[in-house]
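In what follows, a single structure is set out as structure tokens and then discussed.
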Amino acid sequence: VQEANNISLGQFGSGHLDASEAATGIPSGAAVVAITMCEDTTFTALTQSDARFIGTGTSTYANSMANSDVIAGGVTIFGRWSAVTVNTGSCIFYLG
């Protein structure tokens, strides 16, 4: 029952990425479930767990991202990613 609040409280962990950094050491069975942009950010890799989520891979809804697509600072995106690499900018990621 309390698991519903885990994403908002960051109880599974979080990290900060600057330009050219990648999320590493994601525990088995976990994934990045939310990303908050600290400034305008682009991604080299945003590997979604399946095609339902936005990312740099093939997407069900034709919303694949290129490394030139900018997500504005202050925006949080939600999904399920197995790999995250920042191209430019910085972000905080949350595990779930």
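We count residues from 1, following the sequence as given. Treat the numbers as computed from the prediction; the structure is a model and nothing was measured. Just so you know, these numbers use all the heavy atoms, side chains as well, and skip hydrogens, waters and symmetry mates.
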For [X] and [Y], which heavy atoms make the closest approach, and how far apart are they?
X	Y	value
F53	G79	CD2-CA, 3.6 Å
G96	R80	O-NH1, 4.0 Å
C91	V86	SG-CG2, 3.7 Å

Inset, instruction - State plainly whether one hydrophobic cluster holds both F12 and L17, where clusters connect Ile, Leu, Val, Met, Phe, Trp and Tyr through side-chain heavy atoms under 4.5 angstrom apart. - result: yes

Legend entry - Residue pairs passing the side chain to side chain donor-acceptor pair (under 3.5 Å) test where at least one lies in residues 34-46, sequence neighbours excluded: T36-T76, E39-S90, T42-N87, T42-T88

Enter the distance from [X]:[atom1] to [Y]:[atom2] here, rounded to the nearest 0.5 Å.
X	Y	atom1	atom2	answer
F43	I54	CZ	CD1	10.0 Å
T56	Q48	OG1	CD	6.0 Å
S49	W81	OG	CH2	9.0 Å

Inset, instruction - Flag the pair I71 / I35 as yes when at least one side-chain heavy-atom distance between them is below 4.5 Å, and no otherwise. - result: no

Pairs under 3.5 angstrom only: tabulate donor-acceptor contacts from the side chains of residues 20-32 to other protein residues two or more places apart or in another chain.
residue : atom : partner : partner atom : Å
E21     : OE1  : D18     : N            : 2.7

Legend entry - Sequence-distant partners of D50, salt bridge (charged side-chain N to carboxylate O under 4.0 Å, His left out), two or more places apart: R52

